[in-house]
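For the numbers below, each heavy atom of this structure counts, side chains included, while hydrogens, waters and symmetry mates do not. Because the structure is predicted, anything quoted here is derived from the model rather than measured.
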Amino acid sequence: MLQAIELKKQTERHIDLTSNLQESEASKSLTLIPTKPKGQRSLHLLDEAIEAADTIIYCAMHQKRIIDDILTLSRLDSNLLLVSPEPSQPLQLVRGALKMFDAELKRAKTTLEFIEEESLTSLQAQWTLLDPSRVLQVLINLMTNAIKFTRTESERKIVITMGASTSKPSETNPSNIQHVRKSNTSPDQTTKAEWGTGEILYLCIAVQDTGRGLDESEIKNLFLGNF
């Protein structure tokens, strides 16, 4: 009985998370629909219209993956969501994701700074095996919250820092990021054959903003409900 109740709670939390992501993606697509250019402005707006169309397609692709996640709710009974690694360019992936927020950042009068650490080049992280949809899912959620919680601040700024490392992230690191310890019951996805036999590389994508942040009690409860 208790197991059934817990499964129901997990399902509800997953629906809440995916619904939030779906709403976020839909709002971006709607704000980026290009208007019909008039007169001499047509040539000037042509590049903007093409860029907006590309971003709409990008958002639609991510929406499809979110919908696919909802259709795999049966996997929650084993605390598992599908992770599918594929050859990806992590830097290009993040750049493309941030581009989706251009219109929303302008509307919120929020500045965005993207810092690419030298470690990405020194460790040759141009191509890696990862699940791009999962990376986007987390990054988009963090960016959406960053924009949301800086709207009422006098200074509205978001800084994204991306780097790579061959050593596992610890509680003490140059970026002063607090890492959440992995659950002992959570399986290591990278031990599967589909992840290959190459060198293990850790990517760190930090999202910092000028919002109020979380107090100690909120930090303790942050990952109890949805993760």
Side-chain angles (χ1 to χ4, degrees), residues 10-11 13-26 28-29 54-101 114 116-117 119-120 123-146 160-169 175 177 179-207 222-223 226-227:
Q10 289 179 344
T11 303
R13 288 195 294 265
H14 186 60
I15 291 177
D16 288 342
L17 177 61
T18 51
S19 296
N20 178 56
L21 289 167
Q22 182 78 349
E23 180 182 8
S24 175
E25 291 299 302
K28 293 186 192 66
S29 297
D54 288 340
T55 306
I56 290 172
I57 294 173
Y58 196 83
C59 292
M61 290 173 63
H62 191 65
Q63 280 182 294
K64 180 181 181 299
R65 184 57 184 264
I66 295 172
I67 294 173
D68 289 341
D69 281 347
I70 297 176
L71 298 177
T72 61
L73 285 176
S74 60
R75 295 180 179 273
L76 284 176
D77 59 359
S78 58
N79 295 317
L80 178 65
L81 278 177
L82 184 63
V83 178
S84 303
E86 60 183 70
S88 306
Q89 295 177 281
L91 189 55
Q92 300 302 323
L93 182 70
V94 173
R95 286 174 179 169
L98 296 180
K99 198 164 193 61
M100 290 192 295
F101 290 92
F114 181 34
E116 302 171 13
E117 294 185 345
S119 57
L120 292 170
L123 294 176
Q124 299 180 341
Q126 291 86 357
W127 284 93
T128 62
L129 269 178
L130 54 80
D131 188 331
S133 294
R134 297 301 170 208
V135 174
L136 288 177
Q137 194 171 15
V138 176
L139 179 58
I140 289 173
N141 186 268
L142 291 175
M143 274 295 297
T144 301
N145 286 336
I160 310 295
T161 305
M162 183 174 180
S165 173
T166 55
S167 58
K168 190 174 183 178
S175 301
I177 298 173
H179 291 273
V180 179
R181 293 186 179 276
K182 183 180 178 183
S183 171
N184 293 329
T185 59
S186 179
D188 186 353
Q189 298 282 349
T190 61
T191 58
K192 298 179 181 179
E194 59 189 350
W195 285 91
T197 58
E199 181 182 24
I200 296 178
L201 192 67
Y202 297 92
L203 293 175
C204 179
I205 305 173
V207 180
L222 182 61
F223 292 99
N226 294 326
F227 297 89

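- Contact detail for Leu91 and Met162: the closest heavy-atom pair is N-CE, 3.8 Å.
- Of all heavy-atom pairs between Trp195 and Asp131, the closest is CH2-N, 4.4 Å.
- When all heavy atoms of Pro90 and Leu130 are compared, the pair lying nearest together is CB-CD2, 4.1 Å.
- Looking at Cys204 and Glu117, their side chains never come closer than 4.5 Å, going by heavy atoms from C-beta outward.
- For the pair Ile205 and Val135, the minimum side-chain heavy-atom distance is below 4.5 Å.
- Partners of Tyr202 according to the side chain to side chain contact (heavy atoms under 4.5 Å, CB included) rule, which considers only residues two or more places apart in sequence or in another chain, are Lys168, Pro169, Ile200.
- For the pair Ser88 and Leu129, the minimum side-chain heavy-atom distance is 4.5 Å or more.
- Taking the salt bridge (Lys or Arg N to Asp or Glu O under 4.0 Å) definition, one finds that Glu116 meets it with Arg95, sequence neighbours left out.
- Closest heavy-atom contact between Phe114 and Val94: CZ-CG1, 3.8 Å.
- Taking each heavy atom of Ala125 and Leu201 in turn, the nearest pair found is CB-CD2, 3.7 Å.
- The CG atom of Asn145 sits 12.0 Å away from the CD1 atom of Ile140 when rounded to the nearest 0.5 Å.
- Interatomic distance, Arg134 CZ to Leu139 CG, rounded to the nearest 0.5 Å: 14.5 Å.
- Residue-environment remark: CD (Glu194) exceeds the threshold of 12 foreign heavy atoms within 6.0 Å.
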